[in-house]
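What follows is a single structure, written as structure tokens, with notes after it.
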Amino acid sequence: MNYRQTGKLFFVALCFTAVFGCKGQTGTGAKEEKKSGPVLAEVNGSTITGSDFNKEVEALPPYLKPMAETVEGKKELLDTMVVRELILQQAKKDGIDKSQAVADKLEELKNRIIVEAFLKKKVEEQANIGDAELQDFYNKNKEKFRTGEQVRASHILVKTEPEAQEILKQLKAGGNFEELAKKQSIDAAAAKGGDLGWFGKGSMLPEFENVVFSLKEGATSGIVQTKYGYHIIKLTGKRPAGVRPLDEVKEQIKAAILPEKQQEVFKKLKEDLKKGAKVTVKEDALKTLDGEKPADKSNAQPPAPDKK
């Protein structure tokens, strides 16, 4: 991917986040007292600082974050922030910020955020999953947590063999694998230092898998070529086949239980709110939204008597 395309992606992502995520404000759109770090750019008297830049990186979708950690990617992201600030300033000069359309949208957005914050608070307070519940689920579903031999590995992926050779040289000279992965790898796992998590046989390409399962824990491979490019692999963990202990699968169990708990909390909350409120639903009016005419009760005929 060239950096012109990267810049376009950054601009779309940042504008989308600014409108729908209420993040990513810079310059005149941010509170100056919250700014910190070095000044990275000045735009007609407004500043973009290190803290502004870091907030933008955090707001980016996961697939774009690794791009923002390269030198060229940082330049493109900062340029995107500058252009967006210029647009914001011009829009304010044109009075767009004072238009009724913007005011209506802000009010709608404010209400959505309030509702979201309220529901999040209630769910966090009431959808707690205790240790006893986790243990009970684990005891009843142990077979679900049985796995074959698994390994945990990190890798650095680059496009060319000379690049891989240079990185391998740096590693042999004492370079930090995670830092080199963040800076040099073109894989999505670069943002996590190349970490691929735990996986079993059959999850990766054969040429990758053959090498990783032959490594000793803590060891680093040579250069491994696959259809994606050239890899350098580090084995960070090994565990034998068997049932995973509860401590290792707690988060997995929580993820399985939580949606149902959240639904229970929301259902009870909805019922409790309705109990203490006066709500009148106009069904006839609702039907008119689809072009239906409300029933004319004055001309309605009484039901015919039952024949005996």
Side-chain angles (χ1 to χ4, degrees), residues 1-2 5-6 9 13 57-58 60-70 72-73 138 141-256 258-259:
M1 180 179 290
N2 63 47
Q5 290 175 313
T6 302
L9 286 173
V57 173
E58 285 303 309
L60 287 172
Y63 72 92
L64 281 179
K65 286 184 180 180
M67 298 180 199
E69 293 180 356
T70 66
E72 289 300 320
Y138 178 76
N141 297 276
K142 277 191 176 181
E143 285 306 307
K144 291 183 179 180
F145 305 112
R146 184 178 295 279
T147 62
E149 180 188 6
Q150 290 189 319
V151 295
R152 185 170 187 171
S154 297
H155 78 142
I156 300 171
L157 174 64
V158 292
K159 289 182 179 179
T160 67
E161 189 172 5
E163 288 177 283
Q165 289 172 343
E166 176 58 30
I167 292 169
L168 195 58
K169 182 180 176 182
Q170 292 180 48
L171 288 169
K172 288 179 178 178
N176 183 278
F177 191 98
E178 289 71 24
E179 289 304 314
L180 284 169
K182 287 179 180 179
K183 292 177 182 177
Q184 305 293 337
S185 183
I186 59 173
D187 184 69
K192 299 182 291 183
D195 182 30
L196 297 169
W198 290 97
F199 56 90
K201 290 183 177 179
S203 303
M204 300 291 179
L205 293 172
E207 53 266 48
F208 186 98
E209 200 168 273
N210 291 338
V211 172
V212 75
F213 275 91
S214 68
L215 290 171
K216 291 183 179 180
E217 190 169 344
T220 300
S221 75
I223 297 169
V224 180
Q225 184 179 4
T226 71
K227 64 181 182 180
Y228 296 114
Y230 296 85
H231 309 253
I232 299 169
I233 309 164
K234 181 178 180 181
L235 188 69
T236 56
K238 256 187 182 182
R239 56 192 184 192
V243 177
R244 303 271 68 81
L246 175 60
D247 284 345
E248 288 185 9
V249 296
K250 273 186 176 181
E251 293 306 313
Q252 190 177 337
I253 295 174
K254 285 180 182 178
L258 193 57

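All of these numbers come straight from a predicted model, not from anything done at the bench. Both backbone and side-chain heavy atoms feed into the values below; hydrogens, waters and symmetry mates do not. Nothing fancy with the numbering, it's 1 onward along the sequence.
For residues 161-170, no pair satisfies salt bridge (charged side-chain N to carboxylate O under 4.0 Å, His left out), with sequence neighbours left out. Listed by first then second residue, pairs satisfying side chain to side chain donor-acceptor pair (under 3.5 Å) with a partner in residues 192-221 read Arg152-Asp195, not counting sequence neighbours.
Residues forming a ring pair (Phe, Tyr, Trp, His ring centres under 6.0 Å) with Phe145 (at least two apart in sequence, or on another chain): Tyr138. Partners of Glu178 by salt bridge (charged side-chain N to carboxylate O under 4.0 Å, His left out), not counting sequence neighbours, listed by chain and number: Lys234. Not counting sequence neighbours, the partners of Lys254 by the salt bridge (charged side-chain N to carboxylate O under 4.0 Å, His left out) test are Glu251. Evaluation of the side chain to side chain donor-acceptor pair (under 3.5 Å) rule for Asn141 yields Lys144 as partners, not counting sequence neighbours.
Across Gly200 and Phe213, no two heavy atoms sit closer than the pair C-CZ, 3.8 Å. Closest heavy-atom contact between Leu215 and Ile233: CD1-O, 4.0 Å. What you find for Gln184 and Val158 is that their closest heavy atoms are O-CG1, 3.8 Å. Residues Ala190 and Ala181 come closest through the heavy atom pair CB-O, 3.4 Å.
The distance from the NE2 atom of His155 to the CG atom of Asp187 is 3.5 Å, given to the nearest 0.5 Å. Atom NE2 in His231 sits 13.5 Å away from atom OG in Ser154 (nearest 0.5 Å). To the nearest 0.5 angstrom, Ile156 atom CD1 is 4.0 Å from Phe177 atom CZ. Annotation: the span from Ile253 atom CD1 to Glu248 atom CD amounts to 11.5 Å, rounded to 0.5 Å. Atom CD of Gln150 is separated from atom CZ of Phe199 by 9.5 Å, given to the nearest 0.5 angstrom.
By the 4.5 Å heavy-atom criterion applied to side chains, Leu196 and Phe208 are counted as neighbours.
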Mind running side-chain contact (heavy atoms from CB on, under 4.5 Å) on Met204 and Val212 for me, showing each step along the way?
-> CA-CA 10 Å; Met204 300 291 179; Val212 75; 5.9 Å; no
Start with the C-alpha gap between Tyr228 and Leu205, add the side-chain angles, then the distance that decides, and say whether side-chain contact (heavy atoms from CB on, under 4.5 Å) holds.
-> CA-CA 10 Å; Tyr228 296 114; Leu205 293 172; 3.5 Å; yes
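Test Gln252, Lys142, Arg239 against Arg244 for side-chain contact (heavy atoms from CB on, under 4.5 Å) and you get one pass: Arg239.
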